[in-house]
Each structure stands twice: as C-alpha cells, then as structure tokens.
Amino acid sequence: MDNNSYLSSAIVTFPSEGDYELWSEKIALFNTDKAKAFLKQSGQVNFSCVRIADENIVTVMIVWEYVDEEAFVRCQKLWSKWGDIAQDFISKIVFNRGKKFYGW
C-alpha cells in the first residue's frame with residue numbers, strides 16, 4: 001500500500017456477546033465472493049475486522065483500505081447497502097477516514 005492510500009476505520013462496541021455474534025454472522029454473509037470481487041475491482045485493497053482484547057467490553061476495530069479516495073467513493077455503492085442486512089443487533093459505531101501520509 002503506497003502513501004496515497006485512503007483508509008476508513010471504525011470502532012464498533014456491542015452491549016453483549018450475542019449482539020457481536022449476530023453482527024459477525026452478518027458481516028460474513030455480506031462479504032460474498034461476488035461482493036469481494038466488486039470491491040477489489042473498484043479499488044478496495046483490504047478489509048479487516050479485529051476483536052479488541054478487552055474482557056469487559058465487546059469491541060471490534062474495522063479497517064477498510066483503498067487505493068485512493070475515489071476508490072472509497074466507488075466502493076460505497078456496495079458498502080452503503082450494509083444497513084439493509086445490519087439488523088437484529090445493537091451496536092455503537094465511530095468512523096474515522098483519511099489519506100495515508102506515512103507507513104512502512
């Protein structure tokens with residue numbers, strides 16, 4: 001990933017393990033082979049979900065990596081549909097987005 005990459009990240013907090021499990025099932029369902037092919041063709045480099053190590057709070061960090069900001073915009077055609085299946089669980093989410101300026 002070069003220094004012109006565009007990244008989006010989110011911290012998702014769940015009130016219970018059950019809400020987390022419903023979310024994780026739906027995120028896997030949403031990321032079909034067809035969806036991943038569209039996202040990669042549109043310029044998404046990577047998508048990662050990391051369960052944060054905390055015994056008291058159920059939290060996930062999500063990172064989306066794109067070749068550039070225009071790829072982010074193209075991929076939103078699909079990611080904006082997440083709300084169509086993101087039901088039946090409760091979560092709080094905080095997003096951050098920006099251009100990568102340094103890395104190794």
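We're numbering straight along the sequence, starting at 1.
For the pair Trp64 and Ser9, the tightest heavy-atom approach, listed with the atom from each and the gap, is CZ3-C, 3.9 Å. Closest non-hydrogen pair, Lys26 versus Phe89, comes out as CD-CE2, 4.1 Å. For Phe38 against Arg74, the heavy-atom pair with the smallest separation is CZ-O, 3.9 Å.
Taking the six-membered ring for Trp and thresholds of 30 and 60 degrees, Trp82 and Trp23 have ring planes more than 60 degrees apart, a perpendicular arrangement.
Considering only heavy atoms from C-beta on, Phe14 comes within 4.5 Å of Val60 through its side chain.
Every pair passing salt bridge (charged side-chain N to carboxylate O under 4.0 Å, His left out) that includes a residue from residues 41-56 is listed here, sequence neighbours excluded: Glu17-Arg51. Applying the salt bridge (charged side-chain N to carboxylate O under 4.0 Å, His left out) test to residues at least two apart or on different chains, the pairs with a partner in residues 33-43 are Asp33-Lys36.
Residues Trp79 and Phe72 place their aromatic rings such that the two centres sit no closer than 6.0 Å.
Put simply, the residue from Asp19, Thr59, Ile90 that forms a side-chain contact (heavy atoms from CB on, under 4.5 Å) with Thr13 is Thr59.
Residue Ile57 holds its CD1 atom at 9.5 Å from CD1 of Ile52, rounded to the nearest 0.5 Å. Summarising the geometry, atom NZ belonging to Lys100 is positioned 10.0 Å from atom CG belonging to Asn4; distances are rounded to the nearest 0.5 Å. Note: Met61 CE to Cys49 SG = 9.5 Å, rounded to the nearest 0.5 Å.
For CD of Gln76, the number of neighbouring non-hydrogen atoms (other residues, nucleotides, ligands) closer than 6.0 Å is greater than 12.
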